[in-house]
Structure formats: structure tokens, C-alpha cells
Amino acid sequence: MFSGPLKKDVAEKLAKRQFIAGFFFLPWLWMSNYFFFWDIQKENEVIRKYCKLSLLCFCISCVVALTYWFTLATFHPDSSLWVIHPGQDEFQSGIWTKQLDKYKS
């Protein structure tokens, strides 16, 4: 894409664009942004800001993704956590609906 080293203004724009693009469900882009500007971030304050934010957002997205995965892996489809058990078409009340039923009466 580039045939030579990046100029300062082009590098700042690219760091900002990659950081913003990470919010469109592309957290791996935050990590690549951090590693791509690893050497330059020491020299430029703007790029350093986007590199630190990219690393922070990547870590947060990993924690959210791992929590989501762990929750789905831990709770078996027959668990009472599910309102409608996966693979069934009929309604079955779960933990959350039983809690709400107490307040309806």
C-alpha cells in the first residue's frame, strides 16, 4: 500500500481512521493499529493517544467476548437460565420470568 515511510500527517490520519473503524465490530483492527504504530507512538503525541486507546478498547472487547463465551459455555441449554430452551419452539419460563411473575400477582 505504501512504498516508503509514512509522513507525520498521513500516519496521524491512518491511526485515527483505524481506531474509529474498530468500533464497527472490528476489535482486531485496534490491535493491529497498536502494533502498526508501535515505533512511531514514542515520537508523536497524537499517535500515542490512539495507540493507547486502541489497546484499551481491544482489551475491553476481549473481556466482553470471553465473558459472553464463558456464559454460553457454562450454562447448558437445559439450564433454567433460558426462557426458551435452544432447539424448542414452546415457551418455558426461566429464572428471569419467575422473578417477574412474583410482582404481577
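We count residues from 1, following the sequence as given.
Between Leu56 and Lys52, every side-chain heavy-atom pair lies at or beyond the 4.5 Å cut-off. Contact of the Ile60 side chain with the Phe58 side chain is not registered, since no non-hydrogen atoms from C-beta on lie closer than 4.5 Å.
Val64 and Leu26 fall into different hydrophobic clusters, defined by Ile, Leu, Val, Met, Phe, Trp and Tyr side-chain heavy atoms under 4.5 Å apart, directly or through other members. At a threshold of 4.5 Å between side-chain heavy atoms, the hydrophobic network of Ile, Leu, Val, Met, Phe, Trp and Tyr places Leu53 and Phe37 in two separate groups.
Atom CG of Leu29 is separated from atom OG of Ser61 by 11.0 Å, given to the nearest 0.5 angstrom.
Taking both residues in full, the closest heavy atoms of Glu43 and Arg48 are given as N-NH2, 4.4 Å, listed atom of the first, atom of the second, then distance. Looking at every heavy atom in both residues, Cys57 comes nearest to Phe23 through SG-CZ, 4.3 Å. Across every non-hydrogen atom of Ala11 and Ile47, the tightest pair is CB-CD1, 3.7 Å. Asn33 approaches Ser54 most closely through the heavy-atom pair ND2-OG, 2.9 Å. The minimum heavy-atom distance between Trp38 and Gln41, with the atom names listed, is O-CG, 3.3 Å.
Considering Phe36, Phe19, Tyr34 as possible partners of Cys51, the one that fulfils the side-chain contact (heavy atoms from CB on, under 4.5 Å) test is Tyr34. With Asn44 as the fixed residue, the side-chain hydrogen bond (donor to acceptor under 3.5 Å, both in side chains) test singles out one of Lys49, Glu12, Lys8: Glu12.
Around atom NZ of Lys7, no more than 12 heavy atoms belonging to other residues, nucleotides or ligands sit under 6.0 Å away.
Taking the six-membered ring for Trp and the full ring otherwise, the centers of Tyr50 and Trp30 sit at least 6.0 Å from each other.
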